[in-house]
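Here's the structure, in C-alpha cells; my notes come after.
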Protein chains: 2
Amino acid sequence: MARQVKIKDIAQMAGVSVGTVDRVLHNRGNVSAKSLKAVEEVLSEVGYRYNIHTSAISLRKEYKIAIAIPTAIKGEYWGAIQDGITHAINEYSDVRLNCLFSFYNQFDIYSCRSSFDGIISQQPDAVIIGPTFRSETKKLCAELDSNRIPYVFVDAVIEGTSPIASYSTDQYACGYLLGRLLRTFTPADSEYAIMSSQRIGNERSSNSLERKKGFKDYFRSAGLEEKIKETSFSVLDPQESEKKILDFIRENPGIHGMAIMNSRGYILSEILSKNNIRDISLVSFDLTLNNTRGIRDGSISAILCQRPELQGFHALKSVIRRLLYNQEEETVHHIMPIDIIVRENLPYYREFFEM
Amino acid sequence: MARQVKIKDIAQMAGVSVGTVDRVLHNRGNVSAKSLKAVEEVLSEVGYRYNIHTSAISLRKEYKIAIAIPTAIKGEYWGAIQDGITHAINEYSDVRLNCLFSFYNQFDIYSCRSSFDGIISQQPDAVIIGPTFRSETKKLCAELDSNRIPYVFVDAVIEGTSPIASYSTDQYACGYLLGRLLRTFTPADSEYAIMSSQRIGNERSSNSLERKKGFKDYFRSAGLEEKIKETSFSVLDPQESEKKILDFIRENPGIHGMAIMNSRGYILSEILSKNNIRDISLVSFDLTLNNTRGIRDGSISAILCQRPELQGFHALKSVIRRLLYNQEEETVHHIMPIDIIVRENLPYYREFFEM
DNA sequence: GTTAATTTTGTGTTCGTACACGGAAAATGC
DNA sequence: GCATTTTCCGTGTACGAACACAAAATTAAC
C-alpha cells in the first residue's frame, strides 16, 4: 500500500505553500505563472489524489443536488432508481448533501417542463436527470451547461448534451435478446406477438421503440419475421383490454409467445392466468413487484432487467465524486448489464446492487 | 438531510467530556458506572453513527488484513475475486490498510495448510477466506475465533464457523437453473450429459457436487432423469480427453446438451468447435476469459455466473466496516444473484460490479 | 489522617484538506 | 519616485474522531 501523497508533500516538492497548491487544485486563481507551472509539474509527476475523507469533513459547503426523474413508485422501475439514490445518500451520509427530489409525470410534458424550470431556480450544484421528453431535457441541459452545473443521466441518454456520466442500457440489444429468449421458450413453429400498452398522451417511448426494433431484428435474422404480429391494449381500461386480447388470441391460435416492451408484462400475465391460457410464453421488462409475482407463479417466462438501483446508486456516486474530487473528467457512458431473470434465479435478485 | 449528531453533542447531553464518550463507544474501560449510564442513555436516544471519514483519518493504526484464497489467475474465477478486492482497496485507499494476499493451491491440502498457518502468525486484524478444504478452514477459523479476529468468507461458507459475513451462491439452485436452461436450448427428445473434469488430487469440489444435484433434480422434476448420462475427462491430458469425449459422443448420438459443473466449459467447446460438432449445446459456469470466447463464438450456449468481483469487493468492504465502525454486528450471509450470460448480453457484463 | 496507588475524567494534539485572513510582492497611476 | 491598487502567497483555524497525557477524584494502604 503505497503511501498517499499529501498536499503538504506537493507544496514542499514545488517549493510553495499548501495554500498555493490548494489554489491550483481548485482553480481558485491568484497564482503566478511560475508557481502554477511548478505545482502542475509536480502534480503530473506524482499523481495526486484527494483524500476523500478529509475533503468531506473539511468542506464547509453543503452541496445541493437536484434529482429530476419521473414519479417513483415503490416496487416499480423509477422507484428502484430512487432506492439506489437513497442508498447512496445513506452511504455518503457524512458528506453534506442536500438532495431535492423533483418528480414529474412521465406522460405529461407540462409536468416535466414545470419540474425542470424548478430545477434551474433551485440553483443546485449538480443534477441527476431521468430523461423522458427530448426537447425539454435538451433545454434543461443547455441551461445547466451555461451555468456550469454538472449533471448525470439515468435510464437513458439524450444526444446533444454533455453530462459528466450516464447510466443506461442498450435497448436494441435488450429487444434482440428478448427475441432470442422468447424463441427458445416456444415450440419451433410458433407465431409471436408484440403487445404494446397504450396510454393517453401516447408516449411513444423511445426505449420501447428501440427494443421493438431489436426484437424484430432478431426474428428477421432468424428468417422468422413473418411470424410476428402486433397489437395493443389499453392500460386504463382493463375490461376492454382483456376482451381485446382474448379476441386477438382466439384469432391467432398459432401464437405461443408474447413480448411486452415495457414493464407491463404482469397485466397480460394476469389475463392469461385468469383465462387459464397456458400455452403462451410471456417475456417483459423490469423486475417490478407485479412482474416478480408473474415470474414466481410461472405466468411470465422471463424478465430482462437493467439494474435500476445500481443506476441510481452510481449516478449519485458520480456526482459526489465530481463535486468532491472536483476533477474535470470527461463524460463516461456506462452501459448496464442486461440481467435475465427467470423463476429459478429470481429469489437471489432482490438484495444486491451497488457495489 | 438531518444533521449528524457528533461526539461533542453527546458529551454535552450526557454532561461528560468527549473523552468519556469516546471511551464508552470503544469499550476502552475506565468509566464510572454513573457516566457509563448517562452516555448510554443518550446514545440509545439519539442513534449515534460514527463519521466514517473522520474515523478513517484520525485512526493512527494501520489495519492488517490477510486474504487467504486459492491462487488467483487473471481472467479466471479467483482472479475476478481478487480484482474485486483490489478494487475495494483502491476505493478505500484513504483508509490505512495493509493487505497481505496469501494464495494457496486449491488442489493441494498441504499448500492450504501452510498458507493458513502463515495467516495466524501474521497476526492480522481481519481475514478474508476463500475456503476449499473444510477441515483446514475450520481449524483456521477456530484459531481466529479464539484470537477474536474477524473473518469473512467468499465463494462458499463452511458450517460450524462464525464469520462476520459471507458471500456465496446457492449452488444447488445454480445446477437446477442450468438444467432448465440446457433443456430450453435443446430439442424435445434430447439426451444430456454431465461432463466432469478430473484432476490429480480428485478434488470432489462440494460446489460441483451441489450443482450436479440441482441439475439432476431439475431433470427428475421434468421426468427426464433417465436422459442424463455422465462421463469425465482429464484436464491434464488434452489429447486423451479429446479422444475420450469424441468416442462418448459417437456412442451417444442422442445427446444434444452437455453441462460442465465448473468453469472448464471452454475445454469442451474447443473440442466441439474443432471437430465441427454443431448440434450439441454447452452450458457451464463462470465468466472466465476462455468461456467468454466460447460464448462469443456461439460454441457455449450459456454461462452462469455468481459475480465474483462483487463478492471480493463486498468482502473487503465488510471488513472495513467492521474495523472502522467497530460494531458487534451479527453474521450476515449474502447469497449472490445468479447471472445468466448468453451471447446477446455478454458485452455488457464486463464493466460492472460493486456496487 | 496522610500518603500512595488507582480509577476516572478533561484537555490538547493529530490526521489531511478547505478556506479565511492578512501580509508581501508586483503592477499601476500620477 | 511615491502612493495606491491589484495580485500573489503563507499562516492559521476549522472539520470530527482517535488517542496520549496529565489533572482530578476516588480508593486503598498504613
Side-chain angles (χ1 to χ4, degrees), chain A residues 3-40 43 46 48-63 92-97 125 320-321 323-327, chain B residues 3-40 43 46 48-63 92-97 125 320-321 323-327:
Chain A
R3 204 80 210 80
Q4 279 291 321
V5 181
K6 294 165 284 179
I7 286 188
K8 209 169 134 189
D9 300 327
I10 293 180
Q12 203 164 22
M13 288 188 252
V16 297
S17 73
V18 291
T20 304
V21 177
D22 179 71
R23 276 180 283 269
V24 173
L25 285 170
H26 292 88
N27 292 314
R28 295 194 216 279
N30 288 336
V31 178
S32 68
K34 198 181 112 202
S35 305
L36 185 69
K37 185 158 164 278
V39 173
E40 278 180 339
L43 280 177
V46 299
Y48 173 73
R49 268 193 46 190
Y50 290 83
N51 181 322
I52 194 170
H53 299 298
T54 355
S55 269
I57 58 159
S58 46
L59 216 50
R60 298 283 196 294
K61 193 173 149 69
E62 179 181 80
Y63 285 116
Y92 288 91
S93 63
D94 305 317
V95 180
R96 275 179 239 274
L97 295 183
D125 297 293
I320 290 176
R321 229 184 335 244
L323 294 177
L324 290 188
Y325 282 92
N326 198 28
Q327 274 159 203
Chain B
R3 202 83 210 78
Q4 279 292 323
V5 182
K6 294 164 284 179
I7 284 189
K8 209 169 132 188
D9 301 327
I10 292 179
Q12 203 164 23
M13 287 188 254
V16 296
S17 73
V18 292
T20 303
V21 177
D22 179 71
R23 275 181 284 268
V24 173
L25 286 171
H26 293 86
N27 292 313
R28 294 194 218 278
N30 287 338
V31 178
S32 68
K34 200 181 109 200
S35 305
L36 185 68
K37 185 159 164 275
V39 173
E40 278 180 340
L43 281 177
V46 300
Y48 174 74
R49 269 193 46 190
Y50 289 84
N51 181 323
I52 194 170
H53 299 298
T54 352
S55 272
I57 57 161
S58 47
L59 217 49
R60 298 285 193 293
K61 193 175 147 75
E62 178 181 81
Y63 286 116
Y92 288 91
S93 63
D94 305 318
V95 180
R96 275 179 239 275
L97 295 183
D125 297 293
I320 289 176
R321 224 179 345 238
L323 294 177
L324 289 189
Y325 282 93
N326 199 28
Q327 275 159 206

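Lettering follows sequence order; numbering is per chain, from 1.
- Legend: residues meeting salt bridge (Lys or Arg N to Asp or Glu O under 4.0 Å) with A:Lys8, ordered by chain and number and at least two apart, are absent.
- In this structure, the CG atom of B:Leu25 is 13 Å from the C1' atom of D:dG16, given to the nearest Å.
- At the phosphate of D:dC19, neither OP1 nor OP2 sits under 4.0 Å from any side-chain N or O atom of B:His26.
- Five base pairs at each end of the helix from C:dG1-D:dC30 to C:dC30-D:dG1 define two local axes, and these are offset by 40° (rounded to 10°).
- Taking the side chain to side chain contact (heavy atoms under 4.5 Å, CB included) definition, one finds that A:Ala14 meets it with A:Val16, A:Ala38, A:Val39, A:Val42, sequence neighbours left out.
- Atom P of nucleotide D:dG16 and atom CG of A:Asn51 are separated by 16 Å, given to the nearest angstrom.
- Rounded to an integer number of Å, the gap from CZ of A:Arg49 to P of C:dT17 is 11 Å.
- A sub-4.0 Å separation between OP1 or OP2 of C:dG16 and a side-chain N or O of A:Tyr48 is absent.
- In this entry the distance linking CG of A:Asp22 with C1' of C:dC21 reads 14 Å, nearest Å.
- Going from atom NZ of A:Lys6 over to atom C1' of C:dA18 covers 17 Å, rounded to whole Å.
- Note that CG of B:Asp125 and CG of B:Leu97 are 10.0 Å apart. Values are rounded to the nearest 0.5 Å.
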Item checked: Contact letters for nucleotides 7-13 of chain D, in which S counts primed atoms plus P, OP1 and OP2 and B counts the base, heavy atoms under 4.0 Å -> SSBBB--
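- As a whole-Å value, the separation of B:Gln12 CD from C:dG10 C1' is 15 Å.
- Evaluation of the side-chain hydrogen bond (donor to acceptor under 3.5 Å, both in side chains) rule for A:Asp22 yields A:His26, A:Arg28 as partners, not counting sequence neighbours.
- Between the side chain of A:Thr54 and the base of C:dT17, no donor-acceptor pair of N or O atoms lies under 3.5 Å.
- Between the CG atom of B:Asp9 and the P atom of D:dG16 there is a distance of 9 Å, rounded to whole Å.
- Regarding B:Lys8, its NZ atom lies at a distance of 16 Å from the P atom of D:dA18, rounded to whole Å.
- A donor-acceptor contact shorter than 3.5 Å is absent between the side chain of A:Tyr48 and the backbone of A:Ile10.
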Note to self: Between A:Ile7 and A:Leu25, is the side-chain contact (heavy atoms from CB on, under 4.5 Å) condition met? List the steps.
What the structure shows: CA-CA 9 Å; A:Ile7 286 188; A:Leu25 285 170; 3.8 Å; yes
Result block: side-chain N/O donor-acceptor pairs under 3.5 angstrom for residues 29-36 of chain A, not counting sequence neighbours:
from    : atom 1 : to      : atom 2 : distance (Å)
A:Ser32 : OG     : A:Ser35 : N      : 3.2
A:Ser32 : OG     : A:Ser35 : OG     : 3.0

List every contact pair, protein side and nucleotides 22-29 of chain D side both N or O, where the distance is under 3.5 Å.
none

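- Listed by chain and number, the residues in a side-chain hydrogen bond (donor to acceptor under 3.5 Å, both in side chains) with B:Thr54 are B:Asn51 (sequence neighbours excluded).
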